Number of protein chains: 2
Amino acid sequence: MVKKVIDNGKKGVRYNLVLNERAHLVLHSIIENYIQSSEPIGSRTLSKTIGITLSPATIRNIMSDLAELGYLIQNHTSAGRVPTDKAYRFYVNSLASPPSIPQQIKEKISQVSNEQGSQVEAILAEAVRMLAELTKFACVVSTPKAAVSRLQRIELIKISEDRILVILVTKAGVVRDKIIFTKDSQSQEFLNSVAEFLNDKFKNHSMQEIREEIHESMVDDRNRYHDLLAHAIRLGKKAFELNQPGEMLIDGQMNLLLDSHFHEQSSVRSLIDAFDQKSAIMKILDDSMKYKGVHIFIGIENDLKQLQGCSLITASYRNNQNVLGSIGVVGPTSMDYKRIISMVDYTAKILSKTITEQSYD
Amino acid sequence: MVKKVIDNGKKGVRYNLVLNERAHLVLHSIIENYIQSSEPIGSRTLSKTIGITLSPATIRNIMSDLAELGYLIQNHTSAGRVPTDKAYRFYVNSLASPPSIPQQIKEKISQVSNEQGSQVEAILAEAVRMLAELTKFACVVSTPKAAVSRLQRIELIKISEDRILVILVTKAGVVRDKIIFTKDSQSQEFLNSVAEFLNDKFKNHSMQEIREEIHESMVDDRNRYHDLLAHAIRLGKKAFELNQPGEMLIDGQMNLLLDSHFHEQSSVRSLIDAFDQKSAIMKILDDSMKYKGVHIFIGIENDLKQLQGCSLITASYRNNQNVLGSIGVVGPTSMDYKRIISMVDYTAKILSKTITEQSYD
DNA sequence: ATTAGCACTCATTGAGGGTTAGTGCTAATA
DNA sequence: TATTAGCACTAACCCTCAATGAGTGCTAAT
C-alpha cells in the first residue's frame, strides 16, 4: 500500500493522505466533467475547462497523485482518467444538502396526484412513474409497511362456505385484501359482529400491536368460553398475520437498458434479474428508511453484486405519524448526482405532503 | 403487379397465384429455418436441410417465384431470402390447431397457483410472469372486465366526514376499491344499511345490469321520498359508475430489449412507449376476446405502428359463465410460432381452470 | 423440367497506416 | 521549490484496401 504525501498548501507542513484545496478542485472538476461527457478526462481538456490557470503538466502531476490515492483509474496507459466509486463518495459528501431544483421541475413533480381521493398505491405509482420520466433512470418505491400502519377498519366477507375475504383499511389509506379459510362455516351476520368487535377493539392500533394483543388474548384461558370473543381471536389471528411482505413498485427499468452505460456491459441481464427478484432492492429501500433526508448508495457500497455498477439515491416519505416507505432512483455510478438528488428529495417531500393530506384522520 | 403462374403439379392445368405442393414445402422449410437461425436462407443451405433431393438451382427458381408472390424478400441482391409477414400468415394457417406441448412445460405451467385462496389478480400476475419466463418474450394479460363480472358483495366504509371507501367483490374473485365523496355525512350504521340494501338487490347481477337498473330507479320519482332508497340509489350510482378501465398486467418487457431482433432496430424506444401507454395493446387484447382459442396477429396486421415489427399471440380465458380476459405474448414476427402458440393455449386453459375453481360460487 | 456452370454482387473480415488524445519523464524556468 | 515546456511513447480510432465467402441470376447441357 503506497502512502502518498501531498502538500496541503501550508509551507513545510505535510499530512498523509490529505488533499490540498487545489487537488480537491481538480478532482471535483474531473468528476463533473465525466458526469457530463462520460468520457475519460485528460489533462489538456481539464486545463481548459477548470476555472484557475493550471498547465496540463501540473494537472497531470495532481492526477497522478489522485490516482495513487484511489480516486481515479486509467483504463489503459494512454487514456484519460475516470473517477472511482471513492471519488463519487467524496463528491456527494462535498455537496451541500439538497441542491436547488429548477422551478419547472418543481411544478411538474407537484402535479403528482393533486387529484382528490386517490388511493395511496395510485399516488405512489404516479410518483415513481414521474420520477422515472424526469430522471430517465429506473425508479422504485416501497409501499407503506403494514406493520407500522394503523388500522382504520376491518371487514369480513363470507364468499363461500369455507372462505372469508378479509379487507383491511389502514389509516395511511392502503387497502389490503386476502382470503382466509375456516373449518366451521359462519353466517355473514356473525362475521359482521366479529368484525365490529375487532373494529372496536383495534381501531387506531398498529398491525404490530394488534398481533401482540391477539397473542396475549390467546394465552388467557378465560377467553375460550366466550363464543364471539373466541371466534374473534381465532379469525383475527389469521386476518392480521402475515400481512404480505412489503410491496415495491418499479418504473423506468427500460431507461437503464437504453442508457449507454449499461448497454455496453453484459451485466444488464443480471441487473434485470435483481429487479425481478425485488427482495434485494427492497432490503436497500428498507435500510434507507432509517436515514433522514436523501441517502446515497454508491457502486461498490451495495451489498448486492448486480448493483455494484449502479448508484442508488433514496429518500423516505412519511405521514404525520410514521416513516412509511422510501422512494429511490437506480442509475449508473456516473449519474448527475446534483440533479437526481434534488429530484428525489423533492419528490419524497411532495409524496409526504400528499399522503398526509389523504390520510384518513 | 406481376401475376406469376405456377404449375400446381397436374399436367397441363395451371392456376393463377396457386402454389404447388413442392413450393409449399420450400416455403415451409425456409420459414422454419429462418425461425431457427434468424439469418437469411440461401438456396444451397436449404437444399441440404430440406427433406427431398432438390438442387440449389431448382430451389433458386422456386424461391424466385415465391419472392414474386410476396412471400419472400431479399435485403440485397446477393443475400439469402427472408420470409415476409404474408409468409408467416401462410405458415400459421397451415399449422394444425394447437401443436403438442412437452410434458415438462405442461407441468411448469400447471404450477400456476395451485396454491389455495389466491386472488384472481395474483393468479394472473403469476401466469403472465410464468409465460414471460418460458417464452422469453413480453407477455400481457387483461384483468376481468368489470362490466361483465357479477357482484358478490359491496361494502361501504366511512373513512372521513366526506369520504366513503367502496369495496366491490365480484364473483370472479376480483376486489376493487375506490373512494367516493359525499356532501352530507352519514353514520357508518346508515352506510351498513345502504350496503345491505344494495347487496340484497344486486347480488349476482352484472355491473352493466346494475348500472342500468340504478338508472331506471332514478327516473322513477316515487323513490325520492324513501330516505334509505334515495341514498342507496345516489351512492350506488357513484359506487358502480366508471369502474376503472380494464387493467392490464405486463411482464418480460426486458426480454424484448435483450432479443437480438429488436436490439438492432432503433424502434425499441417506440415499442416501449407502446407498452407504457397500454391502451393500444389493451385494445388488441379486447379484440382477441371475441375469438375462440388462440388468435394470432402478425406484423403488418397490427393497427398500431409500433407493433408492426411484432407478432401477438393471444388466447382468452374464462370462468363458467363468461369470457373474462385475454392473455398474450408479444415477440418478433420471426418467433417460433409452434412453441409459443402451444404455450399460450395451454396457459389460457390452465388459467380458465384455476379461476373457475376459485370463483365464489 | 431440372441441373451444372459461370460471372457477378455485396457484406464481412483483417491488415496496414495515419491521426489523435493521452501519458510519464526530464530539464528548464520563475 | 513548485510549475511548466518539451519530448518520446502508447493505444484507441478511423480509413482504406484487398481477400473471402455466401449468395444470386442467367444460360446451356442433360
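Bear in mind that the values here come from a model prediction, so they are computed numbers and not experimental data. Each chain gets a letter, A, B and so on, in the order the sequences are listed, and its residues count up from 1.
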Next item on the list: Go along nucleotides 23-30 of chain D 5' to 3' and tag each nucleotide: B for a protein heavy atom under 4.0 Å from its base, S when only backbone or sugar atoms are that close, - otherwise.
Entry: SBBB----

Check: Using a heavy-atom distance cut-off of less than 4.0 Å, which residues of residues 28-39 of chain A contact DNA chain C?
Finding: none

Next item on the list: Report yes or no: does B/Thr84 contribute a side-chain atom to a donor-acceptor pair with the main-chain N or O of B/Gly70 at less than 3.5 Å?
Entry: yes

Checklist line | Any side-chain heavy-atom pair of B/Phe90 and B/His24 under 4.5 Å | finding: yes

Check: In which ranges does DNA chain D form stems of 3 or more consecutive Watson-Crick or G-U pairs, distances under 3.5 Å?
Finding: C:1-30 with D:1-30

Check: How close or far is atom P of C/dT9 from atom NE2 of B/His76, stated in whole angstroms?
Finding: 13 Å

Margin query: Donor-acceptor pair, distance only, cut-off 3.5 Å: does the side chain of A/Lys338 make one with the backbone of A/Ile101?
Written below: no

Next item on the list: Applying side chain to side chain contact (heavy atoms under 4.5 Å, CB included), run through A/Phe297 and A/Cys310 and close with a yes or a no.
Entry: CA-CA 8 Å; A/Phe297 302 82; A/Cys310 308; over 6 Å; no

Checklist line | Proximal nucleotide (of D/dA5, C/dT3, C/dT2) relative to the B/Arg22 side chain | finding: C/dT2

Notebook entry, point to check: Is there side-chain contact between B/Phe137 and B/Val330, with at least one heavy-atom pair below 4.5 Å?
Noted result: no

Checklist line | Most 5' of B/Asn75 and B/Pro56 on DNA chain C, judged by nearest nucleotide | finding: B/Pro56

Next item on the list: Report the distance from atom CD1 of B/Ile52 to atom P of C/dT3, rounded to the nearest whole Å.
Entry: 10 Å

Margin query: Students often mix this up, so state it plainly: with edges at 30° and 60°, are the rings of A/His295 and A/Tyr291 parallel, tilted or perpendicular?
Written below: parallel

Note to self: Below the 4.0 Å mark, does C/dT3 have OP1 or OP2 next to a side-chain nitrogen or oxygen of B/Thr58?
What the structure shows: yes

Next item on the list: Test A/Val329 against A/Leu312 for side chain to side chain contact (heavy atoms under 4.5 Å, CB included), laying out the working first.
Entry: CA-CA 6 Å; A/Val329 174; A/Leu312 254 97; over 6 Å; no

Checklist line | Whole angstrom value for the distance that separates C1' of C/dG22 from CG of A/Leu46 | finding: 13 Å

Check: Using 30° and 60° as the class limits, which term best fits the ring planes of A/His28 and A/Tyr91: parallel, tilted or perpendicular?
Finding: tilted

Next item on the list: Give the rounded distance in Å between these two atoms: CD1 of A/Ile59 and P of D/dT3.
Entry: 12 Å

Margin query: Consider side chain to side chain contact (heavy atoms under 4.5 Å, CB included). Of A/Leu257, A/Asp251, A/Ile250, A/Leu256, which one does A/Gln253 pass it with?
Written below: A/Ile250

Checklist line | Donor-acceptor side-chain pairing of B/Ser311 and B/Tyr337 below 3.5 angstrom | finding: yes

Checklist line | Between C/dT23 (C1') and A/Asp65 (CG): distance, integer Å | finding: 15 Å

Notebook entry, point to check: Do any N or O atoms from the side chain of B/Ser37 and from the backbone of B/Asn33 form a donor-acceptor pair under 3.5 angstrom?
Noted result: yes

